[in-house]
Amino acid sequence: MSQMFKWNTDEFSWVDFTIDVLRILIVLAIVVGSWNTLSEGRISFAQWVNLFIAGLSQGSIYALIALGYTLVYGILLMINFAHGEVFMAGAFSTVFLAEALNRTGFLNQQPVLAILLMILFAGLVSMTVAILLERIAYRPLRGSPRLVPLITAIGASFFLQYTFRGLYGSGFKAYPQVKILQGSLQVGSINIPTVQIFVFVSALVLMFGLYWLVERSRIGKAMRAVSENKEVARLMGIDIDWVILFTFGVGGFLAGSAGVINGMFRPQGVNFFMGFIPGIKAFTAAVLGGIGNIPGAMLGGLFLGVIEAIGPNLVLAGLGIPGANQLKDVIAFTMLVLVLIFRPQGILGERLSEKKA
Amino acid sequence: MAEKPKRQQNKILVATGMTKRFSGLVAVDNLDFYIPEGSIASIIGPNGAGKTTFFNCITGFYQIDEGELIFDGNRIDGRSPDQITRSGIARTFQNIRLFNNMSAIENIMVGQEPHLKSTWLGSILGLPSTRREDDDTEERGRELLQFVGLEGKGDMISKNLSYGDQRRLEIGRALASKPKLILLDEPTAGMNPRETIETTGFIRRLRDELGITVVLIEHDMRVVMDISEHITVLDYGRKIAEGLPQEIQNNPDVIEAYLGRGAAASAGKNLAS
Amino acid sequence: MKKTIASLLLLSLLSLLLNPVSAQDACSDQLGCVILAEDEPIAIGAMLVLSGAVTYLGDDSLGGVELAIMDRGGELLGREIELVVEDSLCSAEGGQAAAQRLSADPTIVGAIGTNCSSAAQGAMPIISDAGMVMIAPSNTSPSLTNEDVASGGSHLPGYFRTSHNGLVEGMRNAEFAIQVLGTRTLATVHDGDPYTEGLARVVADTFAELGGEVVFEGAVNKGDTDMASILTEIAVYQPDIAYVPLFEPEVNFFAAQMKHIAGLEDTVIIGGGAAFVAGFPENTGEAAIGIFVSGPLVTGEAYEQLLLRWEEEYGSSPPSGYHAHAYDATNLLLSAVEAVAAPTDDGGLVIGRQAIRDAIAATENYPGLTGNLTCQDVSPFAGDCAPGTALAMFEITEAEVYDDNWPPPVFWSFSENLSE
Amino acid sequence: MDISQSGTRQTIITLGLLSGALILFTGAVGMIAAFHEREVVNDFITLGQLVLLITPVIFGYTAANRLGMTGEAPMVVLGGGVIIGLLTTLPTTIMLLFNSDEFRFLLDWSLRLAPFVVATAIAWRMRRQRAETLTVVGSWLLVTALLGIVTFSLALIFEVKGDLRSVLVNINRDWVDVVTFDNRRELLQGILIFSLASVLAGFLGSLCYYLPRTPRRALFYGLSVTLLVGAFGETVRLVLQENLERDTLNQLFRRDTLRQNAALGLLIVSTVVGYLWAAFGDRARHGFQNLGGQERRTTQMIGTALFVALLLMLPWLIGRTLSDVAVTIGLFVLMGLGLNIAIGLAGLLDLGYVTNYAVGAYILAVMTSIGPLGLMKGSFSFWMVIPIALLAAMFAGFIFAVPVLRMRGDYLAIATLGFGEIIGKLAISDWLKPLIGGAQGVQAIPKPIFLGTELKNPEQLYYIVLVACLVTLFVSIRLNNSRTGRQWMAIREDEDVATAMGIDTARAKLLAFTLSAATGGVAGAIFAAKVGSVFPNSFTVFISINVLSLIIVGGIASNPGIVVGAVVLIGLPELLREFSDFRFLLYGALLIMMMINRPQGLIPTKIVSHEIRAGVKAKAAAGD
Amino acid sequence: MALLEVNEIHTYYGNIHALKGISFEVDSGEIIALIGANGAGKTTTLRTISGLMEPRDGSVRYDGEDISSTRADLLVSKGISMVPEGRGVFAKLTVEENLDMGAYTRRDKGIKDDLDRVFELFPRLEERKKQFAGTMSGGEQQMLAIARALMSSPRLLLLDEPSMGLAPVLVDGVFDTVQRIKNEGVTILLVEQNAHMALQIADRGYVLQSGEVALSDTAANLQQNETVQKTYLGID
């Protein structure tokens with residue numbers, strides 16, 4: 001009742017009104033676009049499912065990177081803008097190992113072992129980069145205003161990109177293709193590439209591993225304690241420097257593994273710049289899910305992946321917009337803004353502002 | 001400037017059936033209460049009883065889920081905090097929240113917002129009316145600083161002020177909006193007994209000299225019993241008692257849930273002395 | 001601090017007053033001359049993309065330029081050749097800044113560059129205004145050689161290129177699809193780069209003109225890794241040909257992911273010059289087999305030699321497909337300088353700027369790596385030096401994918417086709 | 001004089017290895033080889049060699065400084081310099097050996113042994129700290145396993161690839177040539193020369209510590225000036241070219257390189273000037289401070305007048321190329337001043353500022369272009385469109401601000417970042433191609449015409465930018481000291497409380513976004529006119545990042561800071577074009593070092609500098 | 001020998017000189033109360049002892065060892081535990097996890113016993129083992145904070161304002177608990193705004209005034225002291 005009342009008084013707010021109009025327009029566009037597409041029926045159900053699954057796989061990669069953002073954010077309230085580069089460091093370095101394993105034939109003789117070795121190697125490389133980053137660039141800045149570490153992170157992002165370009169060159173490299181991942185699984189009329197199942201499953205395993213680590217293990221509890229209150233955590237005897245370093249390390253390890261998993265999934269395009277766009281996407285995913293929240297990062301990543309895969313064909317093509325796939329980022333970011341309008345704290349985030357007041 | 005006591009019977013703020021929930025948790029539960037105009041009223045209750053939530057509901061920081069709030073004859077529920085401030089309610093915060101990197105005078109000048117009219121265009125063009133208003137604002141700000149006892153400290157960055165001065169500045173900032181009702185959240189927190197007495201006197205002056213109705217949240221029972229004319233006791237978001245200090249002190253529910261035997265006795269003693 | 005500024009100011013003022021205009025006695029060129037003293041080297045500029053996502057393009061061209069200079073022993077007319085390299089980025093403002101810098105140096109005779117057509121748009125007015133020449137190794141935008149402003153042209157005197165005009169390359173590609181492969185339906189995909197967008201458009205137009213049907217025109221973004229979405233859309237139309245002039249790595253992703261998409265089994269991919277890269281088959285893997293790539297018909301022997309030299313010098317294969325164009329562009333410029341430079345009595349050298357332009361414009365059947373170069377001067381091909389006849393279609397085979405073979409065998413070439 | 005004393009030893013080893021790591025890093029990313037191409041002094045020293053040699057000097061001096069402070073004997077200090085010189089060469093030497101055919105077996109062996117050695121070292125250290133046996137053994141196994149994985153993988157990679165160079169592309173012949181001083185064939189001899197040179201450099205560095213203060217400073221000034229002039233030869237020459245005759249210039253420079261005589265002359269002159277400054281500079285500064293009020297004011301007025309004159313004359317002093325750089329800097333100053341309204345004053349972290357820039361540029365492009373996309377077919381002039389671009393950008397700022405008004409902090413940041421991306425993608429899209437050209441952009445944008453003159457040179461455009469900057473500066477100062485400014489500051493400090501003060505925060509924030517957008521639009525419009533064509537790829541997230549960074553680097557909310565920030569972050573990279581391959585590497589390193597050493601920015605406002613310094617200290621103490 | 005000796009410590013917040021040479025000592029088994037006005041340096045003193053801040057000058061000796069510049073997290077295993085002002089429970093951790101954090105530095109077998117002991121002391125916490133600490137009332141949070149500090153089995157417990165923000169009815173309970181903890185042999189250094197209560201349970205007390213020790217005596221004597229009565233006890 002009071003809701004209705006509000007509209008009739010002088011409380012009418014242009015901001016609310018505009019936002020409402022915007023919401024309605026966006027929702028309308030989505031509905032109309034989807035309706036048009038689906039009623040035309042150009043794309044079959046099986047194709048939609050395939051797109052969905054491809055989106056999930058892509059989303060798993062985003063999610064794994066997003067976890068690193070979220071971990072660091074959770075503990076330091078800092079956007080580690082260079083996290084995409086941590087991903088790149090692992091992926092780029094391991095491409096040489098993958099080539100070597102392929103040359104010796106080991107990759108196809110013992111694919112499981114080989115992939116495991118690659119994941120470990122990439123994880124360790126990325127972890128080292130992440131730890132160095134924290135130690136050299138971020139630790140001296142603890143407690144300074146939020147913009148300062150953000151700028152440092154941007155600087156670190158450039159620095160890492162061009163360092164790796166200097167080390168490994170500017171050309172593109174590609175992961176070799178692993179035979180056992182080349183096939184596909186036929187489920188009814190739907191054909192699911194094995195590699196996508198691999199990506200999704202290994203991402204899930206890593207995510208649950210992380211979830212267990214944070215929720216159940218001693219160090220995980222310490223991480224949560226540090227993220228809530230660093231000073232009190234120290235009073236518990238927790239070495240917060242070490243916990244923060246550990247957090248960066250874990251985030252780095254996940255990013256590195258994401259690099260290899262990504263290499264199995266999208267083997268091409270390995271170069272020094274490869275971390276930038278996934279980095280921004282993963283950051284978006286983390287915010288979408290509610291930054292600082294681990295399940296949120298997973299959800300955000302998967303959501304973003306699926307949106308990107310399905311959105312252009314479903315909505316934009318339906319609205320008759322040419323070059324729909326070009327605009328998939330527009331869809332992704334519009335969805336982000338839409339989600340944030342409805343839930344300013346992200347899908348699974350907590351309301352910070354209310355607590356504060 | 002003092003208001004006549006006869007208006008004391010008017011209820012400046014009335015809430016009926018006020019309810020606020022946080023994701024299932026009921027913070028304020030179907031609350032009915034009123035504040036008599038021109039009085040000094042207190043809200044007391046155990047930690048987590050919903051006192052600060054209650055303030056936040058009145059000042060529009062939270063939108064209440066049910067019920068209505070009437071201030072000075074107008075409904076204010078559903079309004080935004082700035083509109084409520086404009087209608088004449090000002091507040092301070094439990095843990096002082098000044099604009100830390102602004103000077104004391106700037107803090108007070110921001111406090112005068114509800115009465116300012118100049119626009120950004122006027123400022124850019126340097127219109128005479130804008131300049132005049134800026135000068136007036138500053139002058140009134142200096143007067144207010146004097147009133148709260150911060151004369152000569154106007155150009156200090158507020159975070160460099162001492163704790164007591166910060167409390168005073170916060171009240172001064174609240175007064176700058178010329179409120180009819182001022183909400184003070186634990187104004188004596190962190191003060192020693194001597195400072196507390198000074199502050200109590202100052203709160204009385206607010207009412208007596210400026211005619212502002214005062215609502216306090218306070219933990220120090222001596223302060224509460226000493227200056228309040230009307231007390232509301234909250235527990236788990238519900239009102240468990242309301243009335244004059246004497247009544248509250250002897251209310252068995254209040255003693256049970258909040259005061260405890262000893263405190264009730266000692267507070268009573270103090271008031272008597 | 002302030003005092004330093006003040007004294008600096010005074011000094012500069014004084015020097016302004018004392019600066020006499022030096023007469024260029026020996027020069028009768030209408031655009032002025034480059035006058036070199038006895039010990040000065042011959043300087044040529046390069047405006048290439050050396051940072052950002054497409055750095056490899058610049059690295060590729062720079063290698064071509066450097067090798068061309070090295071192959072002349074680093075000398076011209078007995079003088080050292082000095083290469084002044086500027087980063088033109090891949091943007092108009094980057095091109096402008098690079099050109100601004102080169103044009104400020106009165107001893108630079110001309111420049112190789114730019115890589116990106118957008119950079120050329122920024123650089124061309126400055127270079128032209130300064131009376132210099134620029135020879136682009138990888139610009140393809142038709143507007144750069146079109147003089148008609150109203151129809152979108154922007155050509156200015158002094159601009160040349162050894163890369164193929166998108167119009168020519170696009171038409172050839174479409175002709176190939178229709179006339180050689182005999183296909184009827186076409187899908188095109190670009191990536192928002194002016195180069196790929198231009199090619200895709202020309203191909204689509206020509207394809208339709210020649211009686212084919214363009215069923216889909218779409219685009220992806222640079223940096224996209226997931227092509228499933230657009231491939232699904234294309235699969236709806238099951239076109240005979242997918243014309244994909246994308247760069248690495250998008251083109252790899254496109255090709256590699258296509259095999260997962262039902263309905264595109266029979267669709268043939270034609271890639272543009274951007275995919276004419278040594279790394280493309282290997283990076284794409286099995287999926288690259290059977291793809292056609294359009295590229296310059298490089299004359300075998302000399303090009304082989306260049307690749308060997310490259311390997312020796314840089315320890316790898318060229319990162320992109322334009323190094324041969326850059327090599328030719330450099331030689332074009334150096335030859336022009338060689339032809340018009342006139343020694344003076346005091347051991348100096350006078351090089352007329354208009355003369356250089358004229359010399360390059362007069363190039364006819366210059367034997368380059370990318371064929372016999374002839375520079376045209378009629379809009380919309382004003383400044384185009386690439387031999388349109390030397391374009392070819394290459395087919396990627398297993399040898400390229402698995403055995404590092406490069407370049408791939410020529411499937412069809414325009415010149416052969418002419419002679420037939 | 002016990003060099004084995006632990007503190008001393010640690011200082012020397014740390015600094016030495018740091019110096020060595022730096023040398024190896026610069027080599028491995030290709031800097032040394034690339035810098036070798038550039039001669040600082042003709043036929044004498046190249047930039048690459050300079051980096052190799054100056055590093056041990058600097059580290060040697062730093063170590064000497066530290067050791068000297070703790071009262072070490074000269075023998076120790078100088079010995080420290082020598083050791084640092086030696087350590088500097090160590091990593092590079094190892095890499096050289098690994099890379100050479102004869103000594104490659106060393107690489108194989110190190111990779112095999114490294115895990116065990118490192119793990120044992122760690123275990124031994126733990127043992128000394130009385131850790132439990134089980135823990136020690138466990139750690140040993142863990143470290144061996146993890147490191148083993150890495151080294152095994154590396155060994156495999158190098159085994160298959162054949163050499164280091166196929167992975168680390170810059171560990172190549174050029175690099176070997178530089179670090180061995182052209183002794184690639186006689187590797188050991190080369191290493192010896194390199195080591196000797198480095199030891200000498202380290203020794204000289206530590207020797208500097210014993211120079212008296214004044215000559216030391218003089219030498220420092222002299223060397224820095226000479227080397228900077230040499231390193232930035234191209235830029236210096238561009239300036240001199242405007243003011244000197246070509247023959248004179250040719251006597252000083254051989255192309256972009258200082259000639260030996262000129263370098264020597266410059267070194268002597270600048271050292272002498274440096275000596276005078278070091279000896280009498282303090283007195284002069286003191287004298288100025290002691291001037292009477294009237295005199296001082298006069299001096300300041302003269303200073304201001306000179307500064308204004310300098311601003312007005314700048315293009316004619318620095319020439320066309322640098323004017324072009326100045327215009328670019330000016331555009332970023334303009335955007336910086338605008339974004340500062342949102343970030344510095346109102347505390348709104350806007351990462352999508354490029355939106356406004358793009359809107360301004362495209363508006364000007366389609367309104368004035370005489371090409372096929374021009375709406376007005378050239379009937380609108382630059383001057384008519386500038387206000388339109390301004391309003392359009394404000395409108396865009398307004399529209400994009402509405403949905404994000406309720407968002408805070410990082411959510412706001414990512415949402416605005418998203419808007420930047422959306423605008424970029426729309427600009428490039430096929431969808432809007434009929435309007436704004438899509439990937440092909442808009443061409444044929446005429447230059448502004450002022451009193452019949454076509455302003456096509458950067459020297460002329462400079463004045464447009466200058467005027468725009470001054471107007472913006474004026475407006476921003478006015479706003480800063482107004483009611484509106486106070487509202488913004490209140491929102492920045494505490495949005496909830498600001499609302500409680502009766503501020504309509506939504507409205508104030510909208511205003512901040514809108515006004516902040518205005519200068520972006522103007523900058524975009526000038527940019528479009530300057531370049532003459534507009535392409536979507538000019539409007540990337542890097543513009544937003546650059547503008548944000550320059551504000552922070554300059555000092556947030558500080559107007560002079562914005563100018564300095566723009567000069568450093570936009571101007572320097574333009575001047576560093578000669579190192580273009582490493583521009584972003586250095587840019588990134590600069591940002592990191594700046595933020596660590598001077599988080600309050602180069603020219604901070606008083607409050608901010610106080611807050612940040614105090615905040616860092618207090619919180620560092622609290623460990624927060 | 002005293003368990004804790006604080007010797008002329010000077011501590012700064014940035015440039016603000018907060019402690020100007022404070023000295024006192026705490027013997028084993030005592031409850032010592034630090035009282036004083038807001039800003040007198042009580043909390044700073046505790047923070048300096050617990051290692052959250054480092055004194056610029058002076059020394060803190062614990063059990064004969066100089067701990068002035070030992071980090072807070074290392075002091076916990078030496079037996080110093082602090083309950084911070086405002087309780088500082090980890091709101092998003094459960095009660096049990098909070099207690100686990102208290103025992104973070106320990107790896108001995110006694111943790112289980114200590115947990116039982118703590119639950120015995122605070123039966124309320126056992127009931128709410130699985131609940132998030134943030135959802136508990138202020139009084140319960142205070143109990144949790146104390147219980148958590150006890151989980152590290154400290155020899156010296158630093159309590160910062162345990163009664164702050166609590167309803168009068170709960171304050172007595174907190175002080176009872178403090179007394180009981182003392183009886184178990186833990187030495188307690190108590191900072192309290194409520195000087196009245198603090199002096200009732202303390203053995204000795206120190207009055208701090210703008211960063212210096214103004215008075216020190218047994219608690220009983222302090223209660224009788226006229227200035228103390230006037231300024232800190234509110235008795236006219």
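The basis for the numbers below is simple: all heavy atoms, side chains too, and nothing from hydrogens, waters or symmetry mates. These numbers come from a predicted model, not from an experiment. A, B, ... follow the sequence lines: proteins, then strands. Residue 1 opens every chain.
- No hydrogens or angles considered: a donor-acceptor pair under 3.5 Å links the side chains of A:Glu308 and A:Tyr62.
- Highest contact tally toward chain A, considering only C:Val189, C:Val236, C:Asp60, is held by C:Val236 [criterion: heavy-atom pairs under 4.5 Å].
- Of the atoms belonging to A:Ala46, not a single heavy atom falls under 4.5 Å from chain C.
- Other residues, nucleotides and ligands contribute more than 12 heavy atoms inside 6.0 Å of the CD atom of A:Gln182.
- Between A:Ser170 and A:Phe272, some side-chain heavy-atom pair lies under the 4.5 Å cut-off.
- If you measure heavy-atom distances from C:Lys222 to chain A, the contacts under 4.5 Å come from the backbone alone.
- The residue among A:Ile310, A:Leu51, A:Asp329 with the most heavy atom pairs within less than 4.5 Å of chain C is A:Leu51.
- Checked by atom type and distance alone, the side chain of A:Tyr175 never pairs as donor or acceptor with a backbone atom of A:Val270 at under 3.5 Å.
- Interface remark: C:Tyr237 contributes side-chain atoms only to the contact with chain A (heavy atom separation under 4.5 Å).
- No hydrogens or angles considered: a donor-acceptor pair under 3.5 Å links the side chains of A:Ser93 and A:Tyr168.
- Only the side chain of C:Asp59 comes within contact range of chain A, judged by heavy atoms closer than 4.5 Å.
- Comparing C:Ile261, C:Leu231, C:Asp224, C:Val220 by how many heavy-atom pairs each has under 4.5 Å with chain A, the most go to C:Asp224.
- Highest contact tally toward chain A, considering only C:Lys259, C:Glu286, C:Glu248, C:Glu250, is held by C:Glu248 [criterion: heavy-atom pairs under 4.5 Å].
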**Prompt:** Going through the checks in order, is the side-chain contact (heavy atoms from CB on, under 4.5 Å) test met by A:Phe172 and A:Gln268?
**Reply:** CA-CA 8 Å; A:Phe172 287 99; A:Gln268 295 87 14; over 6 Å; no
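- Residue A:Lys281 does not touch chain C at all, counting heavy-atom pairs closer than 4.5 Å.
- At a 4.5 Å heavy-atom cutoff, the contact between A:Pro312 and chain C is made by side-chain atoms alone.
- Proximity to chain C (any heavy atom under 4.5 Å) is shown, for A:Asn313, by both the backbone and the side chain.
- In this structure a side-chain-to-backbone donor-acceptor pair under 3.5 Å is missing from A:Ser157 to A:Ala82.
- The closest side-chain heavy-atom distance from C:Ile289 to C:Pro281 is not below 4.5 Å.
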